Amino acid sequence: MRYISTRGAWATDPQPFSAILLEGLAPDGGLAVPLAYPRFSTEELAALRGQGYADLAYAVLSRYIGDIDAADLRALVARTYTAATFGSPAITPVVALEPGLALLRVSNGPTLAFKDIALQLLGQLFEYVLAREGRHVNIVGATSGDTGSAAEVAMLGKDRVAVFMLSPRGRMSPFQQAQMYALDAPNIHNLAIDGTFDDCQDIVKAINADAAFKSRHAIGAVNSINWARVAAQVVYYFAGYFGATRGNDVPLDVAVPSGNFGNVLAAYVARAMGLPLRRLIVATNENDVLDEFFRTGRYRPRAGSETHVTSSPSMDISKASNFERYVFDMVGRDATALRALWTTLARDGEFTLAGTPYWANVVASDFHSGRSTHADRVQTIRQVERRYRRVVDPHTADGLKVGMALRDPSVPLLCVETALPAKFAAIIGEALGGVVPERPSAYRDLEARPQHATELPADAERVKAYVAAHAARAPAPAA
Ligand SMILES: *Cc1c(COP(=O)(O)O)cnc(C)c1O
């Protein structure tokens, strides 16, 4: 499999997987996408049902990773997806709530959110490729709460990697903040930015747009624009489908709490690969840019100042970076048309697909959407606890709220549990009358540990100066 950019780069020179692994953006500012989505035949799909998670992961990922030796890739995947790291041999277990309604639990990794599924793999892939090529990388990323800790834990102590993680100061839950800032390792740098997640993401984009800086400091990315993350997430939709259905002739709807559109994009890719998913339901919180798009055809990202701080903070995103990959497909993979839309976006702050020839593709893609508010989350957490004796986190509650509202009784619904409630104690206490969510023993004294972060203004130049001063450098050649 080779990769092109959504904006046209590499069209005549598609890149191998290893070339796009460490990068966020293509040189033209677009995102790497595979030349096509490989499709499993009916027979192949039948053979996948019943396979263990690591085998499933190998089956999916080997279609996207053509330049890592097959035996090595199998070993990397087997080392990543273990019961020791993810809490159970199923890795992403499906639990039924009632007939026709189930949860896909993808949040049982080391940092208690689904980001671990992809980032634990990325840690292994980075180490492998960097060692093979004698390189090092400085990861510059932005987090709205969960990517940061998942990336830092995945890269902890890896000697060819340094991590510079930008987080919006004071906008994460105390647990999320402590999960990152309490890490104390020379290759981990927490940068607390005076701004929103979107401001952090804009700084990362600005750094990536500076080609000279990027190559001088070997800048890499682990943000959700990283294709390898999307590919890793595709795997659990296969596991989830097989866990929630009895045969491959059963359609399944999925509801996904969404922010940067990475998780639900993985569901879309899984469906394109032949998995019999039907509707893809996008749940947003009060930051409802994606809901507005799917309802009206108008894509209108908001400024950082218009982004609400909510009780599902990992979805407080108003510029869904992965959305460009989806739009690329909707315009028939025409990079010129895609570029024209993004030019309009830069000029007018929005574009509209309704009323264009592309809208039929959007409708055919069978995305549905809805929005959830703080009151909805509180009510959903309460209802789920009463009905099913299960405490869900606020993001999962957004997904359940929207999923239930759009549920079609004739088709089973799988809702993705994106984090564990331990990360968001305040809203759990509010919803359940002071109940403190269970937390794994490793996290018992988390907030009491000393924290390490450097405060910086939302200014790309200041962040660059910090990165330049603290970057990992190529190891000296052996004497
Ligand atoms: C990251 C995150 C989301 C949003 O996922 P996207 O892939 O950005 O759409 C939702 N819930 C939780 C808990 C998250 O950490």
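All figures in this text were calculated on a predicted structure; none of them were measured in a lab. FYI, the numbering just counts along the sequence from 1.
- In this view, D55 satisfies the side chain to side chain donor-acceptor pair (under 3.5 Å) rule with no residue, not counting sequence neighbours.
- With hydrogens and angles left out, the side-chain atoms of T6 and E324 include a donor and acceptor closer than 3.5 Å.
- Judged by distance alone, the side chains of N285 and S372 never bring a donor and an acceptor atom under 3.5 Å apart.
- Side-chain contact check for L290 versus S369: every heavy-atom pair is 4.5 Å or farther apart.
- For the side chain to side chain donor-acceptor pair (under 3.5 Å) test, no residue two or more places apart in sequence or in another chain qualifies with E306.
- Here the CG atom belonging to L156 is positioned 6.5 Å from the CG atom belonging to N187, to the nearest 0.5 angstrom.
- Looking at E152 and H189, their side chains never bring a donor and an acceptor atom within 3.5 Å of each other.
- Between Y268 and F367, the ring-plane angle classifies as tilted under the 30° and 60° cut-offs.
- Evaluation of the side chain to side chain contact (heavy atoms under 4.5 Å, CB included) rule for E292 yields R295, T296, R298, R300, R302 as partners, not counting sequence neighbours.
- The ring-ring contact (aromatic ring centres under 6.0 Å, His included) search around Y299 returns F323, F351, not counting sequence neighbours.
- V222 approaches T147 most closely through the heavy-atom pair O-CG2, 4.3 Å.
- To the nearest 0.5 angstrom, K205 atom NZ is 12.5 Å from C200 atom SG.
- Considering only heavy atoms from C-beta on, R386 stays 4.5 Å or farther from Q383 through its side chain.
- Across every non-hydrogen atom of P313 and R171, the tightest pair is CB-O, 3.9 Å.
- Other residues, nucleotides and ligands contribute over 12 non-hydrogen atoms within 6.0 Å of the CD atom of E98.
- Residues in residues 81-93 take part in these side-chain hydrogen bond (donor to acceptor under 3.5 Å, both in side chains) pairs, two or more places apart or across chains: T82-T85.
- Inspection of the K401 and Q379 side chains reveals no N or O donor paired with an N or O acceptor under 3.5 Å.
- Atoms OG and CD1, on S258 and I317 in that order, are 9.5 Å from each other to the nearest 0.5 Å.
- In this structure the side chain of R271 reaches within 4.5 angstrom of the side chain of L280, judged on heavy atoms.
- In this structure, the ring-ring contact (aromatic ring centres under 6.0 Å, His included) partners of F424, at least two apart in sequence or on a different chain, are H395.
- Heavy atoms only, all atoms of each residue included: L277 and A267 are closest at CD1-O, 3.6 Å.
- Ring pair H470/Y466 is parallel by interplanar angle, where below 30° counts as parallel and above 60° as perpendicular.
- Residues V392 and L103 have side chains in contact (heavy-atom distance under 4.5 Å, counting atoms from C-beta outward).
- To the nearest 0.5 Å, the span separating CG on L166 from CG on L456 amounts to 7.5 Å.
- Partners of Y64 by ring-ring contact (aromatic ring centres under 6.0 Å, His included), not counting sequence neighbours, listed by chain and number: W227.
- Under the ring-ring contact (aromatic ring centres under 6.0 Å, His included) criterion, the residue pairs touching residues 433-461 are F175-Y443, with sequence neighbours excluded.
- At a threshold of 4.5 Å between non-hydrogen side-chain atoms, the residues I281 and V264 do not count as touching.
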Step-by-step side chain to side chain donor-acceptor pair (under 3.5 Å) determination, D146 to Q179: CA-CA 9 Å; D146 294 326; Q179 253 186 327; over 6 Å; no
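- For the residue pair D376 / H374, no side-chain donor-acceptor distance below 3.5 Å is found, with atom types taken as modelled.
- The structure places CG of L183 at 9.0 Å from CE of M180, a figure rounded to the nearest 0.5 Å.
- Minimum heavy-atom separation, L446 to A178: CG-CB, 3.6 Å.
- Taking 4.0 Å as the cut-off between side-chain N and carboxylate O, E127 and R160 do not count as a salt-bridged pair.
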Evaluation steps, salt bridge (Lys or Arg N to Asp or Glu O under 4.0 Å), between E350 and K319: CA-CA 11 Å; E350 61 177 277; K319 279 178 211 159; over 6 Å; no
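- With a 6.0 Å cutoff to the six-membered ring centre and a 45° limit on the axis angle, K158 does not count as a cation-pi contact of F126.
- Looking at N226, its side chain does come within 3.5 Å of a backbone N or O of L21 through a donor-acceptor pair.
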Salt bridge (Lys or Arg N to Asp or Glu O under 4.0 Å) assessment of D445 paired with R449: CA-CA 7 Å; D445 65 336; R449 295 177 203 162; 2.7 Å; yes
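- D116 and T111 get closest at one heavy-atom pair: OD2-N, 2.7 Å.
- Between V269 and Q233 there is no side-chain heavy-atom pair separated by less than 4.5 Å.
- A search for side chain to side chain contact (heavy atoms under 4.5 Å, CB included) contacts involving A154 returns L119, Q120, not counting sequence neighbours.
- Using a 3.5 Å distance cut-off with no hydrogens or angles, the side chains of D291 and T284 do not pair a donor with an acceptor.
- A donor-acceptor contact closer than 3.5 angstrom links the side chains of N322 and R325.
- Between N138 and F164 the shortest side-chain heavy-atom distance falls below 4.5 Å.
- One finds no salt bridge joining K423 and E417 here, because no Lys/Arg side-chain nitrogen approaches an Asp/Glu carboxylate oxygen to under 4.0 Å.
- S167 places a side-chain heavy atom less than 4.5 Å from the side chain of Y181.
- Checking D198, D316, N287 one by one against T307, the side chain to side chain donor-acceptor pair (under 3.5 Å) holds for a single residue, D198.
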Worked verdict on D398 versus R377 for salt bridge (Lys or Arg N to Asp or Glu O under 4.0 Å): CA-CA 6 Å; D398 288 330; R377 283 188 278 286; 2.9 Å; yes
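- Atoms CZ and OG1, on R390 and T396 in that order, are 10.5 Å from each other to the nearest 0.5 Å.
- Shown here are the side chain to side chain contact (heavy atoms under 4.5 Å, CB included) partners of R389, two or more places apart in sequence or in another chain: E385.
- Residues R371 and D288 are paired through a salt bridge, judged by an N-O separation under 4.0 Å between the basic side chain and the carboxylate.
- Taking the side chain to side chain donor-acceptor pair (under 3.5 Å) definition, one finds that Q451 meets it with Q177, sequence neighbours left out.
- Considering only residues two or more places apart in sequence or on other chains, D253 meets the side chain to side chain contact (heavy atoms under 4.5 Å, CB included) condition with R278, R279, D408, V411, L413.
- In this structure, G403 and A255 approach most closely via the heavy-atom pair CA-CB, 3.8 Å.
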Working for side chain to side chain donor-acceptor pair (under 3.5 Å), residues T80 and Q124: CA-CA 7 Å; T80 304; Q124 297 287 341; 4.6 Å; no
